[in-house]
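Every heavy atom of this structure was used, including side-chain atoms; hydrogens, water molecules and symmetry mates were not.
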Amino acid sequence: MDTTTQGPLMNSGREKQLEWRESSQPLLPLHNHRQPANGYNIYPTHALGNGKIFSGYATLAAWIATQPIVLIDGYTGICWDTVQQALDQELLQQGLRVKWHYTAPLLKPAQEVQQLVAPFIGEEGDVWGTRTTLTLTDFFKPGALNTPQLDASAIHIVIGTGAALTHTLAPVIYLDLPKNELQYRMRAGAVTNLGNTQVEVYNEMYKRAYFVDWVVLNDYKQSLGKRITIMADTQWRNTLTWIFNADLQAGIESLSRNTFRVRPWFEAGAWGGQWMKEHIPGLNREETNYAWSFEMIVPENGVIFESDHNLLEIPFEWLMFYQHNAILGNHAAIFKYEFPIRFDFLDTFDGGNLSIQCHPALQYIRDNFGENITQDETYYILDCKDDAGVYLGFQQGINPAAFRNALENSRDNQQPLNITDYVQLHKAAKHDLFLIPNGTIHSAGTNNLVLEISATPYIFTFKMYDWLRPGLDGKPRSISIDHAFNNLDFSRQGALVTQQLRSVPTTIKAGTDWQIVHVPTHAVHFYDVHRLEFDTTITVPTGNCCLVLMLVEGTSINVTTASGQTTVYHYAETFVIPAAADVCTFTNNGSERAKVVQAFLKPEHPLFSDLISGK
């Protein structure tokens with residue numbers, strides 16, 4: 001790979017010789033990638049029609065050449081030097097004089113920025129931080145973001161994060177990239193955090209990104225709103241694709257009234273399995289395993305648009321900024337720009353057990369990590385082997401002190417633990433739903449393909465016992481016994497676990513060749529689950545609520561919305577029906593009965609009034 005020189009943009013990101021991304025997963029193709037029509041698609045696209053998405057720096061430079069001043073703003077993780085040099089070269093070839101103005105030198109010194117963010121990221125080595133209250137202007141020197149002095153002899157370009165703050169009327173080009181690619185760049189040491197000049201250990205960079213950078217820059221994105229003229233996807237090394245924001249907003253509006261899929265992405269892990277590798281075409285089969293699929297963990301997923309075979313991916317938050325009312329319907333005022341439901345896969349087929357773990361109580365996650373909602377989960381068993389099981393709840397008569405002593409001894413002396421002396425192991429079967437409200441001890445055992453249906457928070461896992469294994473990097477994985485014991489609910493033990501934490505399905509509606517099965521969640525969960533089972537067709541009204549769905553049995557279905565748009569979804573693909581879609585018709589394309597899991601927000605829940613009141 002080529003190397004860029006050290007220049008004035010280096011405060012916000014730097015490129016590293018040889019490596020610019022660290023991942024075994026392929027880049028999104030620049031142009032439309034056609035998957036076989038009979039299976040899971042790792043690159044779901046949404047067509048915008050012709051003439052909407054443009055490819056390459058030459059086309060972007062041609063538009064810039066028509067403007068006296070342009071503001072090129074964007075997210076952390078952008079390789080600003082690559083962008084500046086490519087555009088400068090294109091404009092130079094057109095015989096144009098450009099005067100560049102950089103925002104990076106306007107940032108506070110890196111040491112001062114580190115002091116600024118320190119209250120939100122804890123000590124080095126801490127796993128979690130606290131959601132920041134900072135804004136982007138806090139990162140800049142006071143009074144530094146002034147409008148540059150202009151002269152008519154040149155095109156003036158302000159470039160770097162915060163560029164739009166320097167001028168209120170000039171057109172804004174916003175550069176973005178998907179969160180998975182941002183993380184691959186951080187792993188490679190090609191970019192670092194906002195306002196930092198040093199590349200740190202990846203875990204430290206991710207922690208700061210999650211609790212500071214993403215919070216600050218997402219708020220900033222939302223504030224820019226319709227000021228943006230052009231949106232660009234910069235996930236490729238030496239090129240980009242771009243779209244006029246008016247066309248992008250029209251595409252988002254169409255999605256918010258029909259159906260859509262986010263782009264899933266996949267990660268290996270210490271306990272990862274082989275199911276996804278064997279069943280999902282297009283994945284790198286040389287990968288050690290696949291532990292997770294980010295099916296719809298929307299803080300980290302993107303949405304792909306297509307025009308003239310050009311692809312452009314935007315992070316999911318743009319859909320919420322522009323169309324959260326249409327997407328969430330009745331619950332828009334409650335969750336605003338946060339999408340509340342998460343779908344992901346946990347693959348332990350021929351792999352290992354997950355760690356024995358729990359998640360924080362609502363007040364605990366608010367007080368300690370600054371989140372609004374907590375990590376209330378369920379495990380839906382999409383597939384499993386005969387010997388598969390789920391660890392859930394305590395054995396009757398559990399002695400908390402004895403359990404803690406056993407955990408600490410195991411951690412400190414590397415002694416294996418017979419975990420079933422303390423935690424129940426339940427046999428798993430396809431279509432079982434295990435309920436995991438916060439504070440519940442749990443783990444997925446080996447030989448499962450779990451569809452995890454959950455509230456959106458996804459990193460707050462307090463591991464107590466991890467089978468004495470290292471991570472894929474060979475280093476010990478974090479154990480959080482103190483956090484766990486501040487949250488464990490020891491009343492969830494004995495027979496009550498089966499009674500309260502294993503869902504019992506009941507049929508609530510039925511027709512000639514279809515039925516709707518309620519697969520109830522726990523009272524703590526603010527979402528519920530239905531399973532739609534049908535031989536030919538079934539009608540699905542949204543009731544002005546957002547639906548998150550997956551085909552869990554069958555080959556494929558057609559989903560036709562009230563607008564007349566029909567989309568094919570295949571087995572194990574996650575898709576969304578926004579509230580504004582009103583009503584959809586599902587048609588089974590297979591010879592066997594189709595089954596679709598549907599998660600949705602409960603009509604009423606105590607948390608909702610709490611969120612509205614801002615408590």
Side-chain angles (χ1 to χ4, degrees), residues 269-273 275 289 291 346-359 375 377-452 461-471 476-504 522:
W271 40 264
W275 191 99
N289 62 52
L346 307 173
D347 184 352
T348 66
F349 256 72
D350 299 317
N353 303 315
L354 270 68
S355 62
I356 299 296
Q357 58 187 248
C358 75
H359 304 300
Q375 201 162 323
E377 298 180 342
T378 65
Y379 283 175
Y380 188 96
I381 307 301
L382 186 70
D383 199 1
C384 64
K385 294 187 178 182
D386 290 341
D387 62 348
V390 169
Y391 295 89
L392 184 69
F394 287 110
Q395 298 288 4
Q396 183 65 43
I398 179 77
N399 182 317
F403 181 46
R404 179 163 189 155
N405 287 338
L407 292 171
E408 291 174 346
N409 179 61
S410 174
R411 178 197 62 193
D412 297 341
N413 299 303
Q414 291 295 290
Q415 292 296 313
L417 192 62
N418 186 6
I419 199 65
T420 53
D421 288 347
Y422 309 95
V423 182
Q424 296 185 41
L425 176 59
H426 304 260
K427 182 173 176 54
K430 288 181 67 170
H431 303 300
D432 281 349
L433 183 70
F434 295 88
L435 310 180
I436 312 169
N438 65 80
T440 304
I441 196 164
H442 66 282
S443 167
T446 190
N447 290 328
N448 280 300
L449 193 281
V450 174
L451 165 59
E452 190 171 46
T461 298
F462 303 147
K463 295 191 282 289
M464 289 163 271
Y465 180 65
D466 201 23
W467 316 97
L468 306 183
R469 65 186 166 205
R477 301 179 77 212
S478 64
I479 299 295
S480 304
I481 295 173
D482 287 343
H483 276 305
F485 272 74
N486 287 334
N487 288 275
L488 282 170
D489 187 336
F490 284 94
S491 71
R492 294 172 184 157
Q493 61 175 269
L496 286 177
V497 173
T498 299
Q499 296 167 14
Q500 298 179 359
L501 302 182
R502 297 199 64 168
S503 185
V504 179
H522 193 275

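- Between Asp432 and Lys427 there is no salt bridge, since no side-chain N of the basic residue sits under 4.0 Å from a carboxylate O of the acidic one.
- Ring geometry for Tyr379 against His442 counts as perpendicular: the plane angle is over 60°, on a 0 to 90° scale with 30° as the lower cut.
- Here the side chains of Phe490 and Ile441 are not in contact, with every heavy-atom distance at 4.5 Å or above.
- Aromatic pair Tyr380/Phe434: ring centres not closer than 6.0 Å.
- Using modelled atom types, no side-chain atom of Thr378 and backbone atom of Leu433 make a donor-acceptor pair closer than 3.5 Å.
- A donor-acceptor distance shorter than 3.5 angstrom exists from the side chain of Asp489 to the backbone of Ser491, with no hydrogens or angles considered.
- Two residues are said to be in side-chain contact when any heavy atoms from C-beta on lie closer than 4.5 Å; Gln357 and Tyr465 fail this criterion.
- Between the side chain of Asn447 and the backbone N or O of Ala388 there is no donor-acceptor pair closer than 3.5 Å.
- Counting heavy atoms from C-beta on, the side chains of Ile381 and His431 never come closer than 4.5 Å.
- Contact of the Arg404 side chain with the Met464 side chain is not registered, since no non-hydrogen atoms from C-beta on lie closer than 4.5 Å.
- With a 4.5 Å cut-off on side-chain heavy atoms, Gln415 and Asn409 count as touching.
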* Test salt bridge (Lys or Arg N to Asp or Glu O under 4.0 Å) on Arg411 and Asp466 and set out the steps. => CA-CA 9 Å; Arg411 178 197 62 193; Asp466 201 23; over 6 Å; no
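- For Phe349 and Trp271, the gap between ring centers reaches or exceeds 6.0 Å.
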